[in-house]
Amino acid sequence: MEKYSVELKPKEEKKEQKLPPLEKAEKGKVVMRFAPNPNGPPTLGSARGIVVNDEYCKIYDGKFILRFDDTDPRTKRPLLEAYEWYLEDCEWLNAKPDEVVYASKRIPIYYEYCERLLEMEKAYPCFCSREEFKKFRDTGEECPHRNIPAEDALEIWEKMLNGEFEEGQVVIRIKTDMKHKDPAIRDWVAFRIIYEDHPLVGDEFCVWPTLDFESAIEDHLLGITHIIRGKDLRDSELRQRYIYRYFGWDYPITKHWGKVSIHEFGRLSTSELRREIEAGNYEGWDDPRLPTIRALRRRGFRPEAIRNFILSLGVGENDVSVSVKNLYAENRKLIDPIANRYFFVWDPVKIKIEGLEEEVEVKIPLNPTKGGFRVLKGMRDIYICREDFERFEEGDLVRLKDFCNVRLVDKENAVFEFEGFELKDVKKGKNIIHWLPTEGVVECHVLGIERNYEGLAEKNSLNDLGNVVQFERFAFCRLESFDDKLRAIYTHP
RNA sequence: GCUCCGGUGGUGUAGCCCGGCCAAUCAUACCGGCCUUUCGAGCCGGUGACCCGGGUUCAAAUCCCGGCCGGAGCACCA
């Protein structure tokens, strides 16, 4: 009995720093933020922003802010439920923000700063169409509106706010340098007119700041010291620095990482996922095949595994393309010592064991490191996987794991012959298979990644409802619910 | 096209700023072995990389130049 009760060795956590030191970071003074647009649930991609920023805050005793950059009610319209999802998932990832900010609720603040810029003649209302302005930008010429005097500019701004212009008729641009060597930086748009209800603040506003403007102001107001984000926002820094210069502010220290793509999931774009779901290709945002945090949680991943996986990607600027197997490995380290083992027989075939005198009680270890047992009834009629059954030929000796040895004598009728309880002859290898009696089992459906599985599982496993278990020789699965049958979700091998 | 960034084993990563201790770290994958019972788990071991060419130097993955390859931005999206 004690041969299974090996003591649980707590895999000691190496306290090594998982991230490179942050430039000019002082303990206790670091303020960082993760600033998503909540137009869908957090994905593994968002988790990178959450985890890396949070991890640095933890390392430096800093402050972690979650800021919703939700200032576009149309093109990347926020999803009302998603605000809550971000809060939930951050907390689940052990990255509870110290402060939460909603940009859409702070629009008047951005207006004030815009007015100051207009007064300083560092911003101007521009009536060029996109196409017209593109020409100026490409040639490096100033557009005719660039030198509108402050008073007139302010007047136009007032009219914008009052809804006296059509959408697209006028925008506010920040003066940079029309000769800037990178055309992307030249006089960028800070405010535009959009007549559309915002999911959070309704129709209160019709003049909306762009991300570059809103983010620039907020980062300063919030006292952000370090920004780490995707390299797609690299030029933002160059644009925003103009505002910082005009106001005499210091720009935070920045770092940018490349794109992550996961072999099995592809690029992690929220908009794409949304399209797929709306097209009915997935059941919802928590469909286990999806790379959303809620799907991963549903599958039974540990938040620590996700953190470790993300941190292992580092913060380099080159794009990474990694396999989920790395995530699986991280999770396995955490759950292997605690997940109870059970038998799950998919595509079951009923076989008969001839010559088995009486039913026996079979004790099987619950977990090799933790110890404990579960009991199955060893009887004449049992189930095994069709996959296994098909492999065998008459005369083959098979070990029913922890039960007995049997020999296939009549494949046609699925009859085996009892050979003894002793573990001998078949001590290892593919001929040790798992099995299930005809009593003490429940129907089980496993929602898989590539395919789903129908079969039978030990009734014992009901004790682990809600937990992740290992179905031996199958995979780790999370037992989600039990109604007419046990419903499990495939976690990973 | 213009601007910027990056290239370390199959994959990801450390090292590069401040050249030598790097015949290059760690993980994953793969292969092999082990296990009185998961060969789809676990344990142990092994294979495997500095994009190319020049230069500087006693010494270069690390510094410089050129090339090649990859990526990002150039939206009234974030």
Side-chain angles (χ1 to χ4, degrees), chain A residues 3 14 16 18 20 23 35-39 69-72 74-78 103 126 128-130 133-134 137-138 140 167-173 180-186 188-194 207-212 214-215 229-239 256 258-260 262-263 270-271 308-309 311-330 332-333 335-337 339 341 343 364-365 367-369 399-403 405 422-424 426-434 470-476 492-493:
Chain A
K3 78 177 165 180
K14 29 188 177 175
E16 62 165 296
K18 294 167 190 160
E23 197 188 329
N37 174 26
N39 62 341
D69 281 351
D70 55 348
T71 59
D72 175 15
R74 176 130 67 216
T75 317
K76 293 229 168 139
R77 177 164 241 271
C126 172
C128 295
S129 68
R130 294 169 204 242
F133 192 82
K134 186 172 165 36
R137 180 171 49 223
D138 291 346
E167 274 188 28
Q169 208 180 335
V170 57
V171 297
I172 299 296
R173 291 188 184 277
H180 191 107
K181 58 179 176 174
D182 184 352
I185 308 305
R186 298 172 190 165
W188 50 277
V189 172
F191 286 87
R192 77 286 211 201
I193 298 169
I194 303 172
V207 176
W208 292 92
T210 55
L211 172 85
D212 280 332
E214 173 268 320
S215 176
R229 70 235 304 180
K231 67 178 176 186
D232 48 323
L233 291 176
R234 189 170 246 302
D235 287 345
S236 270
E237 175 173 348
L238 264 18
R239 286 194 280 259
H256 296 88
K259 258 192 185 170
V260 183
I262 295 186
H263 302 330
T270 306
S271 341
N308 292 342
F309 168 70
L311 263 13
S312 80
L313 264 30
V315 285
E317 222 171 295
N318 41 348
D319 293 348
V320 301
S321 176
V322 68
S323 168
V324 256
K325 286 179 182 175
N326 292 276
L327 209 209
Y328 292 171
E330 291 295 346
R332 196 147 47 218
K333 281 178 207 160
I335 61 172
D336 186 67
R341 275 80 232 265
F343 287 161
I364 313 176
N367 180 293
T369 47
R399 173 71 184 176
L400 298 174
K401 188 170 182 288
D402 291 296
F403 176 23
N405 289 354
E422 291 301 302
L423 175 67
K424 56 176 187 184
V426 191
K427 283 193 175 175
K428 52 182 178 178
K430 281 243 174 204
N431 280 21
I432 294 177
I433 63 168
H434 61 115
Q470 188 196 59
F471 282 142
E472 293 190 52
R473 297 214 309 138
F474 180 66
F476 289 94
H492 57 72

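Just so we're on the same page: letters track the sequence lines, and every chain starts at 1.
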For atom C1', what is the distance between rU47(B) and rC30(B), given to the nearest Å?
9 Å
Looking only at side-chain atoms of Ala184(A), point me to the closest of rG6(B), rG73(B), rU11(B).
rG73(B)
If we take the P atom in both rG10(B) and rU57(B), what is their distance in whole Å?
34 Å
From the options rU28(B), rU3(B), rG12(B), select the nucleotide whose nearest atom is closest to the side chain of Lys181(A).
rU3(B)
Side-chain contact check for Asp72(A): nearest option of rU11(B), rA27(B), rC77(B) is rC77(B)
What integer number of Å spans the P atoms of rG55(B) and rU62(B)?
14 Å
Electrostatic pair Lys333(A):Glu330(A) at N-O distance under 4.0 angstrom
yes
Quick one: which of rA41(B), rU11(B), rU28(B) gets closest to the side chain of Phe476(A)?
rA41(B)
Pair partner, rC39(B) [Watson-Crick or wobble, under 3.5 Å]:
none
Is the phosphate of rA78(B) approached by Arg192(A) (side-chain N or O, under 4.0 Å from OP1 or OP2)?
yes
Which part of the nucleic acid, if any, lies within reach of Gly168(A) when heavy atoms closer than 4.0 Å are counted: base, sugar-phosphate only, or nothing?
base
Would you classify Leu233(A) as touching base, sugar-phosphate or nothing, given that sugar-phosphate means primed atoms plus P, OP1 and OP2, and contacts are heavy atoms under 4.0 Å?
base
Nucleotide nearest Asn37(A) when distance is taken to its side chain, options rC77(B), rA78(B), rG6(B):
rA78(B)
Is any side-chain N of the basic residue among Asp232(A) and Lys259(A) closer than 4.0 Å to the acidic one's carboxylate O?
no
Using a heavy-atom cut-off of 4.0 Å across all strands, would you classify Val189(A) as base, sugar-phosphate, or nothing?
sugar-phosphate
Any Lys325(A) side-chain N or O less than 4.0 Å from OP1/OP2 of rU11(B)
no
Assess whether side chain to side chain contact (heavy atoms under 4.5 Å, CB included) is satisfied between Val189(A) and Ile172(A), documenting all intermediate values.
CA-CA 6 Å; Val189(A) 172; Ile172(A) 299 296; over 6 Å; no
Would you say Arg137(A) places a side-chain N or O within less than 4.0 Å of OP1 or OP2 belonging to rA75(B)?
yes
Reckon Arg332(A) has a side-chain N or O less than 4.0 Å from the OP1 or OP2 of rA29(B)?
yes
Residue Lys231(A), side-chain heavy atoms: nucleotide from rA72(B), rA78(B), rA75(B) that is nearest:
rA72(B)
When the C1' atoms of rC31(B) and rC18(B) are compared, how many Å lie between them, rounded to an integer?
41 Å
Ignoring backbone atoms, test whether Ser321(A) places a side-chain nitrogen or oxygen under 4.0 Å from the OP1 or OP2 oxygen of rG12(B).
no
For the side chain of Asn326(A), starting at C-beta, report the closest nucleotide among rU28(B), rA78(B), rG71(B).
rU28(B)
Starting from the 5' end of RNA chain B, give me the residue, Val170(A) or Asn318(A), whose nearest nucleotide shows up first.
Asn318(A)
Of the candidate nucleotides rA27(B), rG6(B), rU36(B), which contains the atom at the shortest distance from the side chain of Lys333(A)?
rA27(B)
Apply the test side chain to side chain contact (heavy atoms under 4.5 Å, CB included) to residues Phe309(A) and Val322(A): give CA-CA distance (whole Å), side-chain angles for both, the deciding distance (0.1 Å), then the verdict.
CA-CA 10 Å; Phe309(A) 168 70; Val322(A) 68; 3.8 Å; yes
P gap between rA61(B) and rU8(B), integer Å
15 Å
Closest to the Arg239(A) side chain: rA29(B), rG73(B), rC77(B)?
rG73(B)
Students often mix this up, so state it plainly: with edges at 30° and 60°, are the rings of Phe476(A) and His492(A) parallel, tilted or perpendicular?
tilted
If you check every side-chain atom of Val320(A), which of rU13(B), rU11(B), rA78(B) has the closest atom?
rU13(B)
Looking at Ala339(A), is its backbone amide N or carbonyl O close enough to the side chain of Asn367(A) to form a donor-acceptor pair, meaning the two atoms are under 3.5 Å apart?
yes
Is Leu313(A) touching bases, backbone alone, or none of the nucleic acid, heavy atoms closer than 4.0 Å?
sugar-phosphate
